[in-house]
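Reading through the structure tokens given below for one structure.
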2 protein chains.
Amino acid sequence: MEGLHPFAAEGKRSMQRATLREVAVMAGVHPATASRALNEQTEGLVNAVTAARIKKIAAEMGYSPNPIARSLKTARSESIGLVIPDLTNPLFPPIVRGVEDVLRAVGYSAWIVNTDNRPDVEKAAVQSFRRRNVEGFVFATAHLKHPLLDELAAASTPMVLVNRRSANPDIPSVTSDDAAGVAMAMQHLVELGHTKIVHLAGPQDLSTGLNRRRAFTSCLEDLRLPAEKERTVICEAWSEQAGAKAMGTLLDSGPEFTAVLAGNDLLALGVYDALSARGLRCPDDMSVVGFNDMPFMDKVSPPMTTVRIPHYEIGAEAARLLLEVLNDPSRHPRSLLLPLTLTVRSSTGPAPQNPATN
Amino acid sequence: MEGLHPFAAEGKRSMQRATLREVAVMAGVHPATASRALNEQTEGLVNAVTAARIKKIAAEMGYSPNPIARSLKTARSESIGLVIPDLTNPLFPPIVRGVEDVLRAVGYSAWIVNTDNRPDVEKAAVQSFRRRNVEGFVFATAHLKHPLLDELAAASTPMVLVNRRSANPDIPSVTSDDAAGVAMAMQHLVELGHTKIVHLAGPQDLSTGLNRRRAFTSCLEDLRLPAEKERTVICEAWSEQAGAKAMGTLLDSGPEFTAVLAGNDLLALGVYDALSARGLRCPDDMSVVGFNDMPFMDKVSPPMTTVRIPHYEIGAEAARLLLEVLNDPSRHPRSLLLPLTLTVRSSTGPAPQNPATN
DNA sequence: GTGAAAGCGCTAACAA
DNA sequence: TTGTTAGCGCTTTCAC
């Protein structure tokens with residue numbers, strides 16, 4: 001704390017921002033009256049002519065209310081906390097933009113924090129946000145079991161989850177329809193003649209990992225495809241390395257298969273690595289489908305067939321939902337399941353007659 | 001504002017956070033004494049035994065100071081503003097993490113804003129940050145001429161630019177050594193036998209676009225390569241589309257050439273597009289070098305040879321520089337030029353004997 | 001319709 | 001070494 005003198009040059013009176021009291025003095029009214037005139041909600045309480053005069057003077061003086069002082073008094077902030085696990089994952093920045101755009105339109109802003117997937121960082125960030133009177137939260141970090149979120153929910157903290165859901169049904173969320181996405185991908189593979197399909201599942205403590213795996217299993221049944229247990233491998237993380245490792249396991253000791261449905265694009269990239277490490281070609285020897293359609297998935301080699309989720313819209317809808325709750329706390333929060341589409345590129349092709357796997 | 005009741009359930013006394021006054025009462029001292037005991041800088045002013053007692057009680061009560069109240073009083077915030085042009089550009093998230101990590105270690109935090117490259121959004125964000133008493137800024141949005149930055153610099157606002165510099169020499173920055181990077185790339189191409197090289201330059205109102213273009217021109221001279229003016233095309237934006245368009249122009253009406261140095265990776269991706277649109281192969285017909293080594297550039301087809309800049313370190317160093325200035329405002333701010341490396345992948349190869357260009 | 005007064009929670013000058 | 005006092009800038013009862 002010592003020795004910090006930010007904006008020292010602004011100590012000069014000339015640079016100082018006008019204060020409410022100064023506006024009031026100029027207008028010849030009491031600060032309270034000026035406050036009322038300058039606030040939409042209370043403007044009606046003050047004589048229209050006086051209000052107009054006050055507003056004119058305030059504008060001339062370049063007055064704008066001090067948000068710190070206001071926040072101290074009102075315990076509000078016109079801000080929400082946006083908690084992201086990893087900003088370097090290209091999935092999240094478009095979500096952030098969706099949130100920001102919607103909030104900005106109503107004068108709110110988002111305070112973003114990157115937790116690096118660390119619960120301790122998340123907890124500290126949430127604490128810090130609360131001390132700063134954020135009015136609600138958007139979490140992209142949800143685990144199915146997530147004590148911190150349960151705690152906040154129990155305290156009726158306004159919040160919305162994005163991308164991932166919690167097992168706690170009281171917490172509203174905006175996610176894509178994972179089951180539908182898996183079904184589309186499977187349908188596509190079956191139409192290409194694939195019957196021997198495997199799934200690289202993501203971590204099962206996340207709704208995305210769990211739901212996609214369950215949907216895969218259901219699809220196998222619905223489509224009457226071979227469905228032994230070994231058709232699914234659960235990856236340790238949503239990472240390329242984990243995907244490569246899991247794919248290696250399947251190639252070594254899994255069943256015969258001609259297509260892979262990866263739990264997300266990063267895992268699918270790992271599949272690419274495992275394939276080229278063994279001299280297998282995609283899609284000739286093996287078809288691969290990803291999930292998310294992250295930026296640049298059209299540029300990788302081969303361009304990846306993947307389930308496209310509406311990143312930006314997820315963020316935007318989450319912000320809208322949150323604003324609804326803030327405007328009417330009695331409102332029962334809804335969860336939204338957004339539709340997704342299959343983007344077909346060249347990582348999927350006709351099933352080979354002679355599978356490269358044993 | 002109306003109707004917002006955040007954390008309504010926390011109105012309950014039991015959930016309320018302890019206040020300084022409450023701690024003071026429990027400890028049987030005046031709030032001012034408690035304040036002194038609880039602040040590192042002033043702890044020495046208070047009797048060691050009393051101080052210990054106060055701290056113990058504060059801990060038991062779970063006391064933590066209200067940052068809003070503190071900020072209102074002190075006009076500080078332990079926060080800085082971090083201004084990013086576009087978070088969906090993979091170049092920036094690692095920089096953000098560098099900044100955050102360094103700040104977090106000293107108890108500071110960064111308030112991130114995405115300007116979408118819009119000066120109005122940037123201006124509003126800066127205003128908003130200042131009203132919230134940020135102690136300084138990190139800007140990733142700098143233009144060579146940038147009135148807003150000049151204004152802040154004139155007011156001695158602590159700030160550091162990242163990735164891009166300003167023409168204003170008073171503003172410290174942390175950037176990579178663009179000229180050195182260009183030289184490395186050119187050296188590499190020449191070693192592969194290329195002599196006919198062109199440059200896709202970025203916007204010339206940005207230091208990155210300008211410096212890389214100038215370095216390219218110097219390299220042509222130094223290496224005694226053909227150096228007509230048409231060897232450089234200036235792109236309208238750092239985007240794939242702009243790169244494709246510029247490359248099209250060169251292929252249609254430019255000089256004979258066998259290699260392209262792109263101003264950044266996005267432009268280089270546009271070059272890929274233009275090449276495949278004309279049935280040209282990379283690197284057989286044309287070598288391509290990018291700049292930045294954004295995430296996934298090892299995954300595109302062909303994997304891209306590109307100049308790697310130390311994204312994370314740029315952010316981290318910027319935060320360190322800013323903290324230095326905050327701790328000692330009299331300190332003359334330095335600018336840092338970080339070294340970079342060439343990452344050779346398969347988008348560059350031996351110069352073809354018969355150039356595909358006219 | 002307007003003013004007076006109080007106070008959000010904290011820190012800093014001054015006194016004792 | 002500690003307490004007193006004042007105030008950061010704003011909003012919000014309560015009077016009038």
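Predicted, not measured: the structure shown is a model, and the values here were computed from it. Below, chains carry the letters A, B, ... as their sequence lines are ordered, and counting in each starts from 1.
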Ranking D/dT12, C/dC14, D/dT1 by distance to the side chain of B/Asn47, first place goes to D/dT1

Integer-rounded Å distance: C/dA12 C1' and B/Leu45 CG | 11 Å

How long is the gap from CD1 on B/Ile84 to CG on B/Asp86, to the nearest 0.5 Å?
-> 9.5 Å

Between the base of C/dG9 and the side chain of A/Arg131, is there any donor-acceptor pair under 3.5 Å?
-> no

Crowding at CE, A/Met61 (>12 non-hydrogen neighbours, <6.0 Å) | yes

Rounded to the nearest Å, what distance is computed from the CG atom of residue B/Asn39 to the C1' atom of nucleotide C/dA13?
-> 16 Å

Ignoring backbone atoms, test whether B/Thr74 places a side-chain nitrogen or oxygen under 4.0 Å from the OP1 or OP2 oxygen of C/dT11.
-> no

Base C/dG9 to side chain B/Arg17, donor-acceptor N/O within 3.5 Å cut-off | no

Regarding the side chain of B/Ala32, the nearest nucleotide among C/dA12, C/dA13, C/dG3 is C/dA12

Closest non-hydrogen atom pair between A/Phe129 and A/Leu82, with its separation = CE1-N, 4.1 Å

Answer yes or no: does a side-chain N or O of B/Arg70 lie under 4.0 Å from OP1 or OP2 of C/dT11?
-> yes

Could you check how far CD1 of A/Ile54 sits from P of D/dC10, rounded to whole Å?
-> 14 Å

With B/Glu151, which residues qualify under salt bridge (charged side-chain N to carboxylate O under 4.0 Å, His left out), at least two apart?
-> none

Reckon B/Thr19 touches a base, only the sugar-phosphate, or nothing at all at heavy-atom distances under 4.0 Å?
-> sugar-phosphate

Is there a donor-acceptor contact under 3.5 Å linking the side chains of A/Ser64 and B/Arg131?
-> yes

DNA chain C nearest-nucleotide lookup for A/Leu72 and B/Lys73: closer to the 5′ end is A/Leu72

Write down the distance between CD (B/Gln41) and C1' (C/dC10), rounded to a whole number of angstrom.
-> 16 Å

Can you find a side chain N or O atom of B/Thr50 that sits less than 4.0 Å from OP1 or OP2 on D/dT2?
-> yes

Interatomic distance where CZ belongs to B/Arg76 and P belongs to C/dC10 [whole Å] | 16 Å

Sorted by position of nearest nucleotide on DNA chain D, 5' first, the leading residue of B/Gly28 and B/Ala69 is B/Gly28

Nearest-Å distance, NE2 (B/His30) to P (C/dA16)?
-> 15 Å

Distance, rounded to the nearest Å, where A/Ile68 contributes CD1 and D/dG7 contributes C1' = 16 Å

Would you indicate what A/Ser71 reaches in the nucleic acid, counting non-hydrogen atoms under 4.0 angstrom: base, sugar-phosphate, or nothing?
-> nothing

Could you tell me whether the phosphate oxygens of D/dC10, OP1 or OP2, come under 4.0 Å of any side-chain nitrogen or oxygen in A/Ser35?
-> no

Rounded distance in Å - CZ (A/Arg21) to C1' (C/dG7) = 14 Å

